[in-house]
Amino acid sequence: MSWKRTDKLMETIKHYSKFPATGVSLRQMVQFGEKPSTGTLFRASQFLSEELPIRLAHRVQELSELPDGLNEMPSIQRVTDWYAQSFEGQYKSAPGSSTTNGNGSSNGERKSGSARRYYVPADDGQGWPPELSQYNNQFRETLDRIKRRHDSVVTTVAQGILEWKRKRQRMQIDHNIQAFLDRFYMSRIGIRMLIGQHIALTDQRQRSDPNYVGIICTKTNVHDLAKEAIENARFVCEDHYGLFDAPKVQLVCNPDINFMYVPGHLSHMLFETLKNSLRAVVETHGQDKEEFPVTKVIVAEGKEDITIKITDEGGGIPRSAIPLVWTYMYTTVDQTPSLDPDFNKSDFKAPMAGFGYGLPISRLYARYFGGDLKLISMEGYGTDVYLHLNRLSSSSEPLQ
Ligand code: ADP
Ligand code: MG
(Lines give C-alpha, C1' and ligand atoms only; values in the text may rest on other atoms or scores of the structure.)
(Ligands and ions follow the chains in the order given, each with its own letter.)
Protein backbone atom coordinates (compact mmCIF):
# COMPACT_ATOMS: atom_id res chain seq x y z
CA MET A 1 0.00 0.00 0.00
CA SER A 2 2.31 2.73 -1.15
CA TRP A 3 -0.24 4.91 -2.90
CA LYS A 4 -0.04 8.58 -1.87
CA ARG A 5 -2.02 11.69 -2.67
CA THR A 6 0.20 14.08 -4.57
CA ASP A 7 -0.24 17.84 -4.57
CA LYS A 8 -0.90 17.76 -8.27
CA LEU A 9 -3.66 15.22 -7.87
CA MET A 10 -5.19 17.26 -5.06
CA GLU A 11 -5.20 20.29 -7.28
CA THR A 12 -7.01 18.42 -10.03
CA ILE A 13 -9.49 17.16 -7.48
CA LYS A 14 -10.10 20.66 -6.24
CA HIS A 15 -10.79 21.77 -9.77
CA TYR A 16 -13.30 19.00 -10.35
CA SER A 17 -15.02 19.62 -7.07
CA LYS A 18 -16.21 22.98 -8.39
CA PHE A 19 -18.54 21.34 -10.87
CA PRO A 20 -22.00 20.37 -9.71
CA ALA A 21 -23.05 16.75 -9.82
CA THR A 22 -25.76 15.76 -12.26
CA GLY A 23 -28.74 13.97 -10.71
CA VAL A 24 -30.30 11.01 -12.43
CA SER A 25 -33.78 9.59 -11.93
CA LEU A 26 -34.83 5.97 -11.80
CA ARG A 27 -36.78 6.46 -14.99
CA GLN A 28 -33.73 7.80 -16.79
CA MET A 29 -31.70 4.85 -15.63
CA VAL A 30 -34.09 2.35 -17.17
CA GLN A 31 -34.21 4.09 -20.52
CA PHE A 32 -31.51 1.76 -21.67
CA GLY A 33 -33.76 -1.17 -22.05
CA GLU A 34 -32.65 -4.63 -21.16
CA LYS A 35 -30.02 -5.15 -23.76
CA PRO A 36 -27.99 -2.03 -24.39
CA SER A 37 -25.78 -2.09 -27.45
CA THR A 38 -22.05 -1.48 -27.48
CA GLY A 39 -22.64 2.12 -28.55
CA THR A 40 -25.16 2.78 -25.80
CA LEU A 41 -22.83 1.34 -23.21
CA PHE A 42 -20.06 3.50 -24.55
CA ARG A 43 -22.17 6.63 -24.13
CA ALA A 44 -23.06 5.50 -20.64
CA SER A 45 -19.36 5.06 -19.90
CA GLN A 46 -18.73 8.55 -21.20
CA PHE A 47 -21.31 10.03 -18.91
CA LEU A 48 -19.94 8.14 -15.92
CA SER A 49 -16.35 9.00 -16.65
CA GLU A 50 -17.33 12.65 -16.44
CA GLU A 51 -19.74 12.32 -13.58
CA LEU A 52 -17.88 10.02 -11.21
CA PRO A 53 -14.74 12.16 -10.93
CA ILE A 54 -16.94 15.11 -9.98
CA ARG A 55 -18.79 13.18 -7.32
CA LEU A 56 -15.59 11.61 -5.98
CA ALA A 57 -13.86 14.99 -5.95
CA HIS A 58 -16.65 16.51 -3.85
CA ARG A 59 -16.16 13.77 -1.29
CA VAL A 60 -12.38 14.18 -1.14
CA GLN A 61 -12.78 17.92 -0.66
CA GLU A 62 -15.33 17.51 2.04
CA LEU A 63 -13.41 14.81 3.87
CA SER A 64 -10.24 16.86 3.86
CA GLU A 65 -12.07 19.88 5.23
CA LEU A 66 -13.82 18.16 8.12
CA PRO A 67 -13.65 20.36 11.22
CA ASP A 68 -12.08 19.88 14.61
CA GLY A 69 -9.37 17.48 13.58
CA LEU A 70 -11.85 14.89 12.39
CA ASN A 71 -10.17 15.01 8.97
CA GLU A 72 -6.92 13.84 10.56
CA MET A 73 -8.22 10.69 12.16
CA PRO A 74 -6.44 7.66 10.66
CA SER A 75 -9.62 6.00 9.43
CA ILE A 76 -10.87 9.21 7.82
CA GLN A 77 -7.50 9.55 6.11
CA ARG A 78 -7.84 6.03 4.78
CA VAL A 79 -11.25 6.78 3.34
CA THR A 80 -9.99 10.04 1.82
CA ASP A 81 -7.24 8.05 0.14
CA TRP A 82 -9.74 5.60 -1.32
CA TYR A 83 -11.77 8.42 -2.83
CA ALA A 84 -8.71 10.17 -4.19
CA GLN A 85 -7.36 6.94 -5.62
CA SER A 86 -10.67 6.16 -7.29
CA PHE A 87 -10.80 9.68 -8.63
CA GLU A 88 -7.37 9.18 -10.16
CA GLY A 89 -8.40 5.88 -11.74
CA GLN A 90 -11.58 7.31 -13.22
CA TYR A 91 -9.92 10.40 -14.42
CA LYS A 92 -7.30 8.40 -16.27
CA SER A 93 -9.77 6.02 -17.84
CA ALA A 94 -11.99 8.69 -19.34
CA PRO A 95 -12.38 8.48 -23.11
CA GLY A 96 -10.30 11.31 -24.50
CA SER A 97 -8.00 11.50 -21.50
CA SER A 98 -4.26 11.40 -21.87
CA THR A 99 -4.09 7.65 -21.43
CA THR A 100 -6.56 6.89 -24.17
CA ASN A 101 -5.59 9.27 -26.95
CA GLY A 102 -2.51 11.05 -25.83
CA ASN A 103 -3.75 14.62 -26.04
CA GLY A 104 -6.16 14.86 -23.17
CA SER A 105 -6.49 16.57 -19.89
CA SER A 106 -3.42 15.55 -17.96
CA ASN A 107 -3.01 19.01 -16.49
CA GLY A 108 -6.24 18.97 -14.59
CA GLU A 109 -8.45 20.75 -17.04
CA ARG A 110 -11.62 19.13 -18.04
CA LYS A 111 -13.21 19.82 -21.33
CA SER A 112 -16.55 21.48 -21.09
CA GLY A 113 -19.38 19.13 -20.40
CA SER A 114 -19.72 17.19 -23.60
CA ALA A 115 -21.33 14.20 -21.97
CA ARG A 116 -22.70 15.94 -18.94
CA ARG A 117 -26.25 15.06 -19.60
CA TYR A 118 -27.53 11.71 -18.67
CA TYR A 119 -27.37 9.67 -21.82
CA VAL A 120 -30.60 8.95 -23.56
CA PRO A 121 -30.01 5.90 -25.66
CA ALA A 122 -30.65 6.33 -29.32
CA ASP A 123 -31.18 3.58 -31.85
CA ASP A 124 -27.98 1.78 -32.39
CA GLY A 125 -26.75 0.42 -35.65
CA GLN A 126 -24.58 -2.64 -35.83
CA GLY A 127 -20.90 -2.91 -36.47
CA TRP A 128 -19.29 -0.99 -33.66
CA PRO A 129 -15.51 -0.88 -33.90
CA PRO A 130 -13.94 -3.55 -31.68
CA GLU A 131 -12.05 -0.87 -29.68
CA LEU A 132 -15.36 0.37 -28.36
CA SER A 133 -16.31 -2.93 -26.91
CA GLN A 134 -12.81 -3.38 -25.54
CA TYR A 135 -13.05 0.03 -23.94
CA ASN A 136 -16.40 -0.84 -22.39
CA ASN A 137 -14.98 -3.98 -20.84
CA GLN A 138 -11.99 -2.15 -19.46
CA PHE A 139 -14.21 0.54 -18.06
CA ARG A 140 -16.35 -2.08 -16.37
CA GLU A 141 -13.22 -3.49 -14.71
CA THR A 142 -12.22 -0.06 -13.41
CA LEU A 143 -15.67 0.42 -11.95
CA ASP A 144 -15.55 -2.97 -10.33
CA ARG A 145 -12.24 -2.12 -8.68
CA ILE A 146 -13.65 1.14 -7.35
CA LYS A 147 -16.74 -0.55 -6.02
CA ARG A 148 -14.68 -3.12 -4.15
CA ARG A 149 -12.24 -0.53 -2.84
CA HIS A 150 -15.15 1.31 -1.24
CA ASP A 151 -16.94 -1.72 0.21
CA SER A 152 -16.07 -0.91 3.79
CA VAL A 153 -16.42 2.87 3.66
CA VAL A 154 -19.41 2.99 6.01
CA THR A 155 -17.69 1.10 8.83
CA THR A 156 -14.37 2.83 8.29
CA VAL A 157 -15.97 6.27 8.55
CA ALA A 158 -17.81 5.06 11.65
CA GLN A 159 -14.45 3.95 13.01
CA GLY A 160 -13.04 7.40 12.23
CA ILE A 161 -15.83 9.06 14.17
CA LEU A 162 -15.12 6.77 17.13
CA GLU A 163 -11.42 7.66 17.01
CA TRP A 164 -12.35 11.30 17.03
CA LYS A 165 -14.91 10.95 19.83
CA ARG A 166 -12.29 9.22 21.95
CA LYS A 167 -9.66 11.81 21.24
CA ARG A 168 -11.93 14.79 21.84
CA GLN A 169 -13.92 13.13 24.60
CA ARG A 170 -17.18 13.75 22.82
CA MET A 171 -20.28 11.81 23.69
CA GLN A 172 -22.53 12.75 20.80
CA ILE A 173 -21.91 13.93 17.29
CA ASP A 174 -23.12 17.45 16.66
CA HIS A 175 -25.42 18.80 14.02
CA ASN A 176 -22.55 19.56 11.62
CA ILE A 177 -21.13 16.07 11.67
CA GLN A 178 -24.59 14.57 11.38
CA ALA A 179 -25.28 16.70 8.29
CA PHE A 180 -21.92 15.73 6.84
CA LEU A 181 -22.63 12.03 7.36
CA ASP A 182 -26.06 12.35 5.76
CA ARG A 183 -24.54 13.99 2.69
CA PHE A 184 -21.63 11.63 2.59
CA TYR A 185 -23.64 8.42 2.83
CA MET A 186 -26.29 9.73 0.47
CA SER A 187 -23.59 10.47 -2.03
CA ARG A 188 -22.20 6.98 -1.54
CA ILE A 189 -25.60 5.47 -2.28
CA GLY A 190 -25.71 7.52 -5.50
CA ILE A 191 -22.22 6.60 -6.62
CA ARG A 192 -22.80 2.93 -5.91
CA MET A 193 -26.11 3.05 -7.70
CA LEU A 194 -24.52 4.46 -10.86
CA ILE A 195 -21.59 2.05 -10.71
CA GLY A 196 -23.72 -0.97 -9.82
CA GLN A 197 -26.14 -0.12 -12.59
CA HIS A 198 -23.41 0.22 -15.17
CA ILE A 199 -21.70 -3.03 -14.23
CA ALA A 200 -25.00 -4.89 -14.26
CA LEU A 201 -25.92 -3.39 -17.64
CA THR A 202 -22.61 -4.46 -19.10
CA ASP A 203 -22.97 -7.99 -17.73
CA GLN A 204 -26.62 -8.18 -18.63
CA ARG A 205 -25.84 -8.65 -22.24
CA GLN A 206 -25.15 -12.28 -21.44
CA ARG A 207 -28.22 -13.13 -19.44
CA SER A 208 -31.80 -12.12 -19.75
CA ASP A 209 -34.57 -11.40 -17.30
CA PRO A 210 -37.03 -9.10 -19.03
CA ASN A 211 -37.99 -7.43 -15.74
CA TYR A 212 -34.52 -6.23 -14.99
CA VAL A 213 -32.63 -3.26 -16.34
CA GLY A 214 -29.29 -3.44 -14.57
CA ILE A 215 -30.06 -3.64 -10.87
CA ILE A 216 -33.45 -2.00 -11.32
CA CYS A 217 -36.43 -4.29 -11.41
CA THR A 218 -39.34 -2.82 -13.34
CA LYS A 219 -41.72 -5.16 -11.54
CA THR A 220 -40.39 -5.27 -8.01
CA ASN A 221 -42.85 -7.43 -6.12
CA VAL A 222 -43.41 -5.97 -2.68
CA HIS A 223 -45.05 -9.05 -1.20
CA ASP A 224 -42.21 -11.40 -2.12
CA LEU A 225 -39.49 -9.04 -0.95
CA ALA A 226 -41.27 -8.37 2.33
CA LYS A 227 -41.75 -12.08 2.92
CA GLU A 228 -38.07 -12.70 2.39
CA ALA A 229 -37.05 -9.78 4.64
CA ILE A 230 -39.34 -11.12 7.38
CA GLU A 231 -37.74 -14.56 7.15
CA ASN A 232 -34.25 -13.12 7.26
CA ALA A 233 -34.96 -10.81 10.19
CA ARG A 234 -36.61 -13.63 12.15
CA PHE A 235 -33.67 -15.87 11.44
CA VAL A 236 -31.16 -13.31 12.72
CA CYS A 237 -33.38 -12.73 15.74
CA GLU A 238 -33.54 -16.44 16.59
CA ASP A 239 -29.82 -16.74 16.17
CA HIS A 240 -29.06 -13.69 18.29
CA TYR A 241 -31.34 -14.45 21.24
CA GLY A 242 -31.09 -18.22 20.98
CA LEU A 243 -34.83 -18.45 20.41
CA PHE A 244 -36.50 -21.50 18.98
CA ASP A 245 -39.14 -19.31 17.36
CA ALA A 246 -38.78 -15.56 16.79
CA PRO A 247 -41.81 -13.31 17.32
CA LYS A 248 -44.29 -13.72 14.49
CA VAL A 249 -44.72 -11.17 11.74
CA GLN A 250 -47.95 -10.87 9.81
CA LEU A 251 -47.81 -9.58 6.26
CA VAL A 252 -50.86 -7.79 4.88
CA CYS A 253 -50.14 -7.20 1.23
CA ASN A 254 -51.78 -7.78 -2.10
CA PRO A 255 -49.44 -10.31 -3.72
CA ASP A 256 -49.68 -8.53 -7.08
CA ILE A 257 -48.36 -5.11 -6.07
CA ASN A 258 -45.28 -4.32 -8.05
CA PHE A 259 -43.41 -1.20 -9.11
CA MET A 260 -40.13 -0.02 -10.52
CA TYR A 261 -37.46 -0.04 -7.84
CA VAL A 262 -34.10 -1.40 -6.80
CA PRO A 263 -34.96 -4.60 -4.91
CA GLY A 264 -31.69 -4.45 -2.97
CA HIS A 265 -32.62 -1.07 -1.50
CA LEU A 266 -36.10 -2.17 -0.49
CA SER A 267 -34.78 -5.36 1.12
CA HIS A 268 -32.28 -3.34 3.10
CA MET A 269 -34.92 -0.97 4.52
CA LEU A 270 -37.35 -3.76 5.39
CA PHE A 271 -34.68 -5.91 6.99
CA GLU A 272 -33.38 -3.07 9.17
CA THR A 273 -36.79 -1.90 10.38
CA LEU A 274 -37.96 -5.46 11.02
CA LYS A 275 -34.88 -6.29 13.06
CA ASN A 276 -35.55 -3.19 15.16
CA SER A 277 -39.14 -4.26 15.78
CA LEU A 278 -38.23 -7.85 16.63
CA ARG A 279 -35.52 -6.71 19.00
CA ALA A 280 -37.91 -4.29 20.74
CA VAL A 281 -40.57 -7.00 21.05
CA VAL A 282 -38.17 -9.59 22.48
CA GLU A 283 -36.52 -7.18 24.88
CA THR A 284 -39.75 -5.62 26.08
CA HIS A 285 -41.56 -8.89 26.70
CA GLY A 286 -38.57 -10.92 27.84
CA GLN A 287 -36.61 -13.60 26.03
CA ASP A 288 -38.30 -16.52 27.74
CA LYS A 289 -41.82 -15.50 26.84
CA GLU A 290 -43.78 -18.35 25.27
CA GLU A 291 -45.61 -16.11 22.90
CA PHE A 292 -44.92 -12.59 21.70
CA PRO A 293 -47.28 -9.99 20.28
CA VAL A 294 -47.35 -10.12 16.49
CA THR A 295 -45.57 -7.45 14.43
CA LYS A 296 -47.54 -6.36 11.37
CA VAL A 297 -46.32 -5.30 7.97
CA ILE A 298 -49.10 -3.55 6.07
CA VAL A 299 -48.62 -2.52 2.47
CA ALA A 300 -50.83 0.06 0.79
CA GLU A 301 -50.79 0.97 -2.85
CA GLY A 302 -51.61 4.51 -3.85
CA LYS A 303 -51.20 6.40 -7.09
CA GLU A 304 -48.20 8.31 -5.88
CA ASP A 305 -46.74 6.14 -3.16
CA ILE A 306 -46.50 2.61 -2.03
CA THR A 307 -46.49 2.82 1.75
CA ILE A 308 -45.32 0.07 4.05
CA LYS A 309 -46.17 0.32 7.72
CA ILE A 310 -44.27 -1.80 10.21
CA THR A 311 -46.20 -1.91 13.45
CA ASP A 312 -44.84 -3.49 16.58
CA GLU A 313 -45.73 -3.80 20.23
CA GLY A 314 -42.19 -3.46 21.39
CA GLY A 315 -42.77 -0.75 23.98
CA GLY A 316 -42.06 2.25 21.78
CA ILE A 317 -39.40 4.92 22.20
CA PRO A 318 -39.48 7.81 24.69
CA ARG A 319 -40.34 11.05 22.91
CA SER A 320 -37.07 12.67 23.98
CA ALA A 321 -35.11 9.93 22.21
CA ILE A 322 -36.90 10.26 18.87
CA PRO A 323 -34.50 12.82 17.38
CA LEU A 324 -31.60 10.64 18.46
CA VAL A 325 -32.69 7.55 16.56
CA TRP A 326 -31.86 9.39 13.33
CA THR A 327 -28.32 10.15 14.40
CA TYR A 328 -25.55 7.85 13.33
CA MET A 329 -24.21 5.58 15.99
CA TYR A 330 -27.12 6.15 18.33
CA THR A 331 -28.08 2.77 19.70
CA THR A 332 -29.49 1.40 22.91
CA VAL A 333 -27.33 -1.70 22.56
CA ASP A 334 -24.70 -1.63 25.31
CA GLN A 335 -21.94 -3.31 23.45
CA THR A 336 -21.35 -2.27 19.86
CA PRO A 337 -20.34 -5.28 17.76
CA SER A 338 -16.76 -4.97 16.55
CA LEU A 339 -16.23 -2.49 13.75
CA ASP A 340 -14.15 -4.80 11.68
CA PRO A 341 -13.41 -2.91 8.48
CA ASP A 342 -13.84 -6.14 6.54
CA PHE A 343 -17.34 -6.43 7.84
CA ASN A 344 -19.03 -5.96 4.52
CA LYS A 345 -17.29 -8.89 2.95
CA SER A 346 -19.22 -11.86 1.74
CA ASP A 347 -19.02 -14.05 4.83
CA PHE A 348 -20.37 -11.22 6.92
CA LYS A 349 -23.15 -12.19 9.28
CA ALA A 350 -25.67 -9.38 9.78
CA PRO A 351 -25.80 -8.27 13.41
CA MET A 352 -29.14 -7.93 15.16
CA ALA A 353 -28.41 -4.35 16.22
CA GLY A 354 -25.71 -2.19 17.71
CA PHE A 355 -24.22 0.13 15.08
CA GLY A 356 -26.98 2.70 15.23
CA TYR A 357 -26.90 2.91 11.45
CA GLY A 358 -30.07 1.00 10.66
CA LEU A 359 -32.59 3.84 10.71
CA PRO A 360 -30.55 6.75 9.34
CA ILE A 361 -29.21 4.73 6.41
CA SER A 362 -32.62 3.26 5.64
CA ARG A 363 -34.06 6.75 5.54
CA LEU A 364 -31.38 7.79 3.05
CA TYR A 365 -32.28 4.84 0.82
CA ALA A 366 -35.94 5.84 0.98
CA ARG A 367 -35.17 9.47 0.16
CA TYR A 368 -32.74 8.61 -2.59
CA PHE A 369 -35.62 7.77 -4.92
CA GLY A 370 -38.00 10.41 -3.59
CA GLY A 371 -39.54 8.46 -0.71
CA ASP A 372 -39.23 8.86 3.04
CA LEU A 373 -39.08 6.95 6.29
CA LYS A 374 -41.03 8.13 9.34
CA LEU A 375 -41.41 6.81 12.80
CA ILE A 376 -44.16 7.32 15.33
CA SER A 377 -43.91 5.85 18.76
CA MET A 378 -46.29 5.27 21.62
CA GLU A 379 -44.08 4.96 24.60
CA GLY A 380 -45.21 2.06 26.72
CA TYR A 381 -46.84 0.28 23.80
CA GLY A 382 -45.10 0.17 20.45
CA THR A 383 -43.73 1.81 17.33
CA ASP A 384 -45.05 2.42 13.82
CA VAL A 385 -42.56 2.91 11.04
CA TYR A 386 -43.87 4.29 7.76
CA LEU A 387 -41.86 3.60 4.69
CA HIS A 388 -43.05 5.74 1.77
CA LEU A 389 -41.83 4.72 -1.64
CA ASN A 390 -42.40 6.99 -4.58
CA ARG A 391 -43.77 4.96 -7.47
CA LEU A 392 -43.62 7.69 -10.09
CA SER A 393 -39.90 7.06 -10.40
CA SER A 394 -39.33 10.44 -11.99
CA SER A 395 -37.72 12.16 -9.02
CA SER A 396 -34.05 12.84 -9.43
CA GLU A 397 -31.35 11.89 -6.95
CA PRO A 398 -31.12 14.36 -4.07
CA LEU A 399 -27.66 15.90 -4.43
CA GLN A 400 -27.09 18.14 -1.43
P1 ADP B 1 -29.40 -0.17 16.06
O2 ADP B 1 -30.55 -1.08 15.74
O3 ADP B 1 -28.09 -0.66 15.57
O4 ADP B 1 -29.38 0.21 17.51
P5 ADP B 1 -30.96 1.71 14.55
O6 ADP B 1 -30.60 2.96 13.83
O7 ADP B 1 -31.60 0.63 13.75
O8 ADP B 1 -29.65 1.19 15.25
O9 ADP B 1 -31.92 2.09 15.75
C10 ADP B 1 -31.48 3.02 16.71
C11 ADP B 1 -32.21 2.85 18.02
O12 ADP B 1 -33.58 3.22 17.88
C13 ADP B 1 -32.25 1.43 18.56
O14 ADP B 1 -31.08 1.10 19.28
C15 ADP B 1 -33.49 1.46 19.43
O16 ADP B 1 -33.18 1.98 20.70
C17 ADP B 1 -34.38 2.46 18.75
N18 ADP B 1 -35.44 1.79 17.94
C19 ADP B 1 -35.47 1.66 16.61
N20 ADP B 1 -36.57 1.00 16.18
C21 ADP B 1 -37.28 0.73 17.29
C22 ADP B 1 -38.54 0.06 17.54
N23 ADP B 1 -39.28 -0.45 16.54
N24 ADP B 1 -38.96 -0.01 18.84
C25 ADP B 1 -38.22 0.50 19.85
N26 ADP B 1 -37.03 1.12 19.67
C27 ADP B 1 -36.56 1.23 18.42
MG1 MG C 1 -31.32 -1.45 13.90
Side-chain angles (χ1 to χ4, degrees), residues 154-155 157-159 161-162 165 171-173 177-178 181-182 184-186 189 226 229-230 232-241 246-251 265-287 289 292-298 308-340 343-344 348-367 372-387:
V154 174
T155 38
V157 170
Q159 181 72 50
I161 306 265
L162 285 181
K165 276 192 182 168
M171 293 303 292
Q172 220 98 60
I173 54 178
I177 306 290
Q178 170 73 16
L181 290 172
D182 269 331
F184 184 80
Y185 292 134
M186 183 64 108
I189 291 174
I230 290 170
N232 291 340
R234 292 188 72 236
F235 176 80
V236 172
C237 177
E238 281 160 10
D239 192 54
H240 181 83
Y241 294 105
K248 298 262 180 310
V249 180
Q250 184 194 356
L251 174 60
H265 290 188
L266 182 51
S267 298
H268 182 98
M269 298 182 278
L270 287 168
F271 181 58
E272 288 301 327
T273 47
L274 280 162
K275 276 192 304 171
N276 285 349
S277 288
L278 293 180
R279 172 182 166 225
V281 168
V282 172
E283 296 196 356
T284 303
H285 296 270
Q287 262 161 261
K289 204 50 176 237
F292 296 99
V294 175
T295 299
K296 282 191 193 146
V297 177
I298 301 167
I308 305 176
K309 177 165 77 165
I310 297 113
T311 298
D312 68 54
E313 293 180 28
I317 303 167
R319 201 143 54 95
S320 62
I322 296 288
L324 298 178
V325 303
W326 302 111
T327 55
Y328 296 90
M329 305 165 93
Y330 170 79
T331 178
T332 46
V333 172
D334 296 333
Q335 198 121 55
T336 299
S338 102
L339 271 178
D340 182 349
F343 118 116
N344 268 336
F348 166 61
K349 199 170 103 193
M352 186 65 193
F355 289 113
Y357 269 66
L359 283 174
I361 297 273
S362 294
R363 185 167 71 174
L364 292 183
Y365 273 116
R367 289 180 172 174
D372 210 350
L373 184 68
K374 296 196 165 143
L375 182 149
I376 297 192
S377 130
M378 286 168 80
E379 192 192 10
Y381 183 76
T383 305
D384 290 346
V385 169
Y386 292 85
L387 178 54

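Any value given below was found using the heavy atoms of this structure, including those in side chains, with hydrogens, waters and symmetry copies removed. Position 1 is the first residue of the sequence, and the numbers go up from there. One-based numbering, in listed order, for ligands and for the atoms of each. Keep in mind it's a predicted model, so treat the numbers as computed, not measured.
- Residue contact check for ligand 1: Gly314 places no non-hydrogen atom closer than 4.0 Å to it.
- For Ala280, every heavy-atom contact with ligand 1 shorter than 4.0 Å involves the side chain, none the backbone.
- With hydrogens and angles ignored, the 3.5 Å screen pairs a side-chain donor or acceptor of Gln178 with a backbone N or O of Trp326.
- Contact annotation: Pro360 has at least one heavy atom less than 4.0 Å from an atom of ligand 1.
- Ligand 1 has an N or O atom lying under 3.5 Å from an N or O atom of Phe355, backbone or side chain.
- Remark: ligand 1 atoms within the under-4.0 Å shell around heavy atoms of Val325 are 12 (O).
- Scanning the protein heavy atoms around atom 18 (N) of ligand 1, the nearest turns out to be Ile317 CD1, 3.8 Å.
- Among the backbone and side-chain atoms of Met352, no N/O/S atom is found under 2.8 Å from the Mg ion (ligand 2).
- In the model, Asp312 has a side-chain atom that pairs as donor or acceptor with a side-chain atom of Ser277 under 3.5 Å.
- Below 4.0 Å from some heavy atom of Gly354 lie the following atoms of ligand 1, by number and element: 1 (P), 3 (O), 4 (O).
- Tyr241 and Glu283 share a donor-acceptor pair across their side chains, judged by distance under 3.5 Å alone.
- At the shortest separation from atom 16 (O) of ligand 1 among protein heavy atoms lies Thr332 OG1, 2.5 Å.
- Remark: minimum distance from atom 22 (C) of ligand 1 to any protein heavy atom is reached at Thr383 OG1, 3.7 Å.
- Counting heavy atoms from C-beta outward, Leu266 and Ile308 have side chains that approach closer than 4.5 Å.
- Within a 6.0 Å radius of NZ in Lys296, no more than 12 heavy atoms belonging to other residues, nucleotides or ligands are found.
- Nearest-residue assignment for atom 20 (N) of ligand 1 (options Leu324, Ile322, Asn276; heavy-atom criterion): Asn276.
- When all heavy atoms of Ile322 and Ser377 are compared, the pair lying nearest together is CD1-CB, 4.0 Å.
- Residue Thr331 touches ligand 1 through backbone and side chain together, judged by heavy-atom distances below 4.0 Å.
- Under the side-chain contact (heavy atoms from CB on, under 4.5 Å) rule, Thr383 has a single partner from Ile317, Thr311, Thr295, Ile376, which is Ile317.
- Note: Tyr328 and Phe355 fail the aromatic proximity criterion, with ring centroids not under 6.0 Å apart.
- Heavy atoms of Arg279 approach ligand 1 to within less than 4.0 angstrom.
- With hydrogens and angles ignored, the 3.5 Å screen pairs no side-chain donor or acceptor of Arg363 with any backbone N or O of Leu373.
- With a 4.0 Å heavy-atom cut-off, ligand 1 is reached by the side chain of Asp312 but not by its N, CA, C or O.
- Without hydrogens or angle criteria, Glu379 side chain to Gly316 main chain gives no donor-acceptor distance under 3.5 Å.
- There is no side-chain donor-acceptor pair under 3.5 Å between Thr284 and Arg279.
- For ligand 1 and Gly356, the ligand atoms under 4.0 Å from any heavy atom of the residue are 1 (P), 3 (O), 6 (O), 8 (O).
- The nearest protein atom to atom 10 (C) of ligand 1, hydrogens excluded, is given as Tyr330 O, 3.4 Å; this is a heavy-atom distance.
- With a 4.0 Å cut-off on non-hydrogen atoms, Leu359 touches ligand 1 through its backbone as well as its side chain.
- In the vicinity of Gly316, heavy-atom distances shorter than 4.0 Å reach the ligand 1 atoms 25 (C).
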